Number of protein chains: 2
Amino acid sequence: MVRRTGAATREEIHSAAARLFRERGYSRTSVRDIAAAAEINPALVIRHFGSKELLFLDTMRLTIDDEPLLDVPPAEFGERFVERLLADDDIRGVYLALVRGSDEPQIKERLQAIHERTFVGPLRARLAGPDADLRARLAAAVVGGLLYALWVVGDDQLVAADPAELVVRYGAVLQQLITPA
Amino acid sequence: MVRRTGAATREEIHSAAARLFRERGYSRTSVRDIAAAAEINPALVIRHFGSKELLFLDTMRLTIDDEPLLDVPPAEFGERFVERLLADDDIRGVYLALVRGSDEPQIKERLQAIHERTFVGPLRARLAGPDADLRARLAAAVVGGLLYALWVVGDDQLVAADPAELVVRYGAVLQQLITPA
DNA sequence: GTCTATAGGGAGATAGAC
DNA sequence: GTCTATCTCCCTATAGAC
């Protein structure tokens, strides 16, 4: 194998860690596991990222592409939002890992930040009125509930259901919340 | 102090463990912590319950009182269900601990069982039609979303909101899902 | 930049005296 | 039934050679 540069090693560690944290969660993934998957030495993991927790937080980022949602007609927003959530593989892994690791204060903070930016923010941008903030937060709770049921609980019937049907039904629930009463 | 009998010691261990697991979660609560809180020896924890995981599962039970929901008029069911969830302190602690511990397979199984019995079951009992099961599962996801936003994420604005308003607004969302379209 | 070797701590669980 | 003492394992993180 070609000798790796420091940057390449760092990238391999990051990539292996991102995968393992998503699959097994924070507490069940050890620094040794990451090193083995990246085929490097455990000491390098710490040298490059400082600590296991810093590495974890570094892998738990979501870059949501908001563009497709900007042009959606207001009446279709609920469905399109649910559709996007189910289509994005990264959301599943990141949310699962953050939720399960959230008894660590720093991880809970990150979960709050991502919940706010990824769910509450886009929903509130679609709302008006004096109680827009509260309604956006309730809608974000509904959104989180779908991810919770599918990926945290792992409701087999929902996982096996036709995604298109979930989009239609669950999108309608969301739509009710963002449509002015 | 009066010398405790075996049964009393077992009860003290169980009580201390139930409290600590609800407050700190599974992975951040050690057998030694439980023993210290119960003012007994760490060896007794294992002797009485076999292992930390078995003790955890023994403390993670929910005894939901279904009675008050049986007589609720169908049109009010959504609100009354949400009201009951928010009023029950035990639900918060049990769900938080189970969700956060759910990367352990046995804990995830318990979460599935409680989700099924506590949320899906009562909701499905209120539904009819060919797709009653799917609609009940979507409604259960919505229910779980409220707990998720309040207790897992800890959305400060929702936690600080007037519970009565949450009952009205979120209950309406739930009601839409259990009312035949 | 990468490695070997190990420090240093904490965990769950057990053996056996009383 | 309860205790003291300890075993064994695995963890994160570090020191220092190359």
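We use all heavy atoms of the structure for the numbers below, so side chains are in, but hydrogens, waters and symmetry mates are not. Numbers restart at 1 for each chain; the letters A, B, ... are given by sequence-line order, proteins then strands. These numbers were taken from a predicted model, which means no experiment stands behind them.
- Atom CG in B/Asp33 sits roughly 8 Å away from atom P in C/dG12 (whole-Å rounding).
- B/Arg92 has its side chain out of reach of B/Leu147: every pair of non-hydrogen atoms, C-beta onward, lies at least 4.5 Å apart.
- When rounded to the nearest whole Å, the span between CD1 of B/Ile13 and P of D/dC3 equals 9 Å.
- Summarising the geometry, the separation between CD1 on B/Ile34 and C1' on C/dA11 is reported as 12 Å, rounded to the nearest angstrom.
- Residue side chain A/Arg47 does not reach the base of C/dG1 through any donor-acceptor N/O pair under 3.5 Å, judged by distance alone.
- When each of D/dC11, C/dG12, D/dT2 is scored by its nearest atom to the side-chain atoms of A/Ser30, the top-ranked nucleotide is D/dC11.
- Cation-pi geometry between A/Arg80 and A/Phe77 is not met: the NZ or CZ atom fails to fall both under 6.0 Å from the ring centre and inside 45° of the normal.
- What separates CZ of A/Phe49 from P of D/dA13 is a distance of 13 Å, to the nearest Å.
- Of all nucleotides listed (D/dA15, D/dC3, C/dT2), D/dC3 comes nearest to the side chain of B/Ala43.
- In this entry the distance linking CZ of A/Arg10 with P of C/dT2 reads 12 Å, nearest Å.
- When rounded to the nearest whole Å, the span between OH of B/Tyr26 and C1' of C/dA11 equals 11 Å.
- Taking atom CG of residue A/Leu44 and atom P of nucleotide D/dC18, one finds them 18 Å apart after rounding to whole Å.
- A straight line from CD of A/Glu12 to P of C/dG1 spans 15 Å, rounded to a whole angstrom.
- Remark: B/Lys52 fails to qualify as a cation-pi partner of B/Phe21 under the 6.0 Å distance and 45° angle criteria applied to the six-membered ring.
- The side chain of B/Asn41 lies closest to D/dT4 when the candidates are D/dT2, D/dT4, C/dC3.
- The B/Arg32 side chain lies nearest to D/dT6 when the options are D/dT6, D/dC3, D/dA15.
- Side chain of B/Lys52, nearest nucleotide from D/dT2, C/dA13, D/dA13: C/dA13.
- Using cut-offs of 30° and 60° for the angle between ring planes, the A/Phe119 and A/Tyr95 rings count as parallel.
- Within the 4.5 Å cutoff, the side chain of A/His14 has no heavy atoms near those of the A/Arg10 side chain.
- The side chain of A/His48 lies closest to C/dT2 when the candidates are D/dC3, C/dG12, C/dT2.
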